[in-house]
Amino acid sequence: MKKRDIVEVTDLSENEVRELFALAFRIKKNQSEYAGALKGKILAMIFQKPSTRTRVSFEAGMYQLGGRAINLSGNELQLSRGETVGDTAQTLSGYVDVIMIRSTSDSDVQGLAKYSSVPVINGLSKSFHPCQALADIFTVCEKKGLDEKSVLDFDFSKVKLVFVGDSNNVSRSLLNLSGIIRYRFGIICPEKFMFDESEFEAVKKVNQGIYSSSEIDPGYMKDAEFIYTDVWASMGDEGEEAERKKLFGRYQVNRELLDKASANVSVMHCLPARRGQELTDEVMDSSNSIVFAQAHNRMHLQKAILHFLLRGLK
Ligand code: CP
Ligand code: NVA
């Protein structure tokens, strides 16, 4: 069987995404049944950037499945001294069963996937955050009351998720995932930081429910069920923080914005949050907020990913 990688959500078919959600539902509900599913398997985790959720959810998830995890910070590896990503990939492939990498460079993730003979998972790169988007839409599925059966043929066009913030790795993976299972997806972002039109075009070919604007239009917001935001300056964008703060100021997710959306709107954030910037304390701590459910689902969904890559979807 050819090994599979998840560099971006587009590495998965629609059927695989639905089956992955179904598996995550089963794993979350019957944790003890899966306790030995990955017994003897080893995950290597490479971190070239900081992490709280990705690091701990992968490691705890791997332990819960009966496997082990090795944490490697980027600057401890010879990769940081010029060893090639190809040589690193071929070496690690002889020791471990699966590799997760959080990288400063998209090409390192792609290179690792290309040269490794074991599956590679992108745990965030400059352009993509597939594990996040998958866990987020799994959280949306829970919120909609779906289960392992109904998720297999649910009509996702009933879901409307509006991302208010930067065109970054998280919003890109959410956009791309909407091109696979076709939920309605909108992004509201200052023009300067908006995705290139070509990125929308690719998704619009399969999903009619794509919207983008640099204005907050109350008419569009009024039936938003999910409002998502993320930091205005991602890791690596620190040099632009002052400029971004000015441009993004009017896109803050606050009570006034929530009042424009549907009454039971859920507020989402991948975390870590800059409280008081992209969202207010009041909103983050309100009953509308599902940010910690998202964070916790990272582990359940990633357990499903690990199971998928090492043992299959059933
Ligand atoms: N959302 C997310 O990936 O969090 P960490 O940076 O803490 O891993
Ligand atoms: N867009 C953020 C996500 C952090 C989980 C970043 O890349 O820093």
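Whatever order the structure lists ligands and atoms in, that order sets their numbers, starting from 1. These numbers come from a predicted model, not from an experiment.
- Using the six-membered ring where Trp is involved, Tyr183 and Phe185 have ring planes that are perpendicular, over 60° apart on the 30 and 60° scheme.
- Side-chain atoms of Asn254 and Gln252 form a donor-acceptor pair, as typed in the model, at a separation below 3.5 Å.
- Note on ligand 2: Leu271 sits in its first shell, one or more heavy atoms being nearer than 4.0 Å.
- Close contacts of ligand 2 with Asn169, meaning ligand atoms under 4.0 Å from a residue heavy atom, involve 1 (N), 2 (C), 6 (C), 7 (O).
- The distance criterion of under 3.5 Å between nitrogen or oxygen atoms is not met by Met235 with respect to ligand 1.
- In this structure, atom 8 (O) of ligand 2 lies nearest to the protein heavy atom Met235 N, 2.8 Å.
- The closest side-chain donor-acceptor pair between Thr54 and Arg102 falls under 3.5 angstrom.
- With no hydrogens or angles considered, a side-chain donor-acceptor pair links Ser171 and Asn168 at under 3.5 Å.
- Atoms of ligand 1 found under 4.0 Å from any heavy atom of Thr52 (numbered from 1 in listed order, with element): 5 (P), 7 (O), 8 (O).
- The shortest heavy-atom distance from Lys49 to ligand 1 is not under 4.0 Å.
- Given atom 4 (O) of ligand 1, the protein heavy atom at minimum distance is Arg53 NE, 2.9 Å.
- Between Asn297 and Lys28, the side chains place a donor N or O and an acceptor N or O closer than 3.5 Å (distance only, hydrogens not considered).
- Taking a cut-off of under 4.0 Å to the non-hydrogen atoms of Gln132, the atoms of ligand 1 that pass are 1 (N), 2 (C), 3 (O).
- The closest protein non-hydrogen atom to atom 2 (C) of ligand 1 is Arg298 NH1, 3.3 Å.
- The protein non-hydrogen atom at the shortest distance from atom 4 (C) of ligand 2 is Leu124 CD1, 3.8 Å.
- Salt bridge present: Glu16 and Arg4 bring a charged side-chain N and a carboxylate O closer than 4.0 Å.
- A donor and an acceptor atom, one from each side chain of Glu225 and Asn264, are nowhere located under 3.5 Å apart.
- Of the listed residues (Asn168, Asp166, Asp230), the one carrying the non-hydrogen atom nearest atom 3 (C) of ligand 2 is Asp230.
- Regarding atom 6 (O) of ligand 1, its nearest protein heavy-atom neighbour is Arg102 NH1, 2.8 Å.
- Judged by the 6.0 Å and 45° rule, Arg172 forms no cation-pi pair with Phe195.
- For the residue pair Asp155 / Ser157, a side-chain donor-acceptor distance below 3.5 Å is found, with atom types taken as modelled.
- Closest heavy-atom approach to atom 8 (O) of ligand 1 within the set Pro50, Ala135, Ser51: this belongs to Ser51.
- Within the 4.0 Å heavy-atom shell around ligand 1 one finds Leu271.
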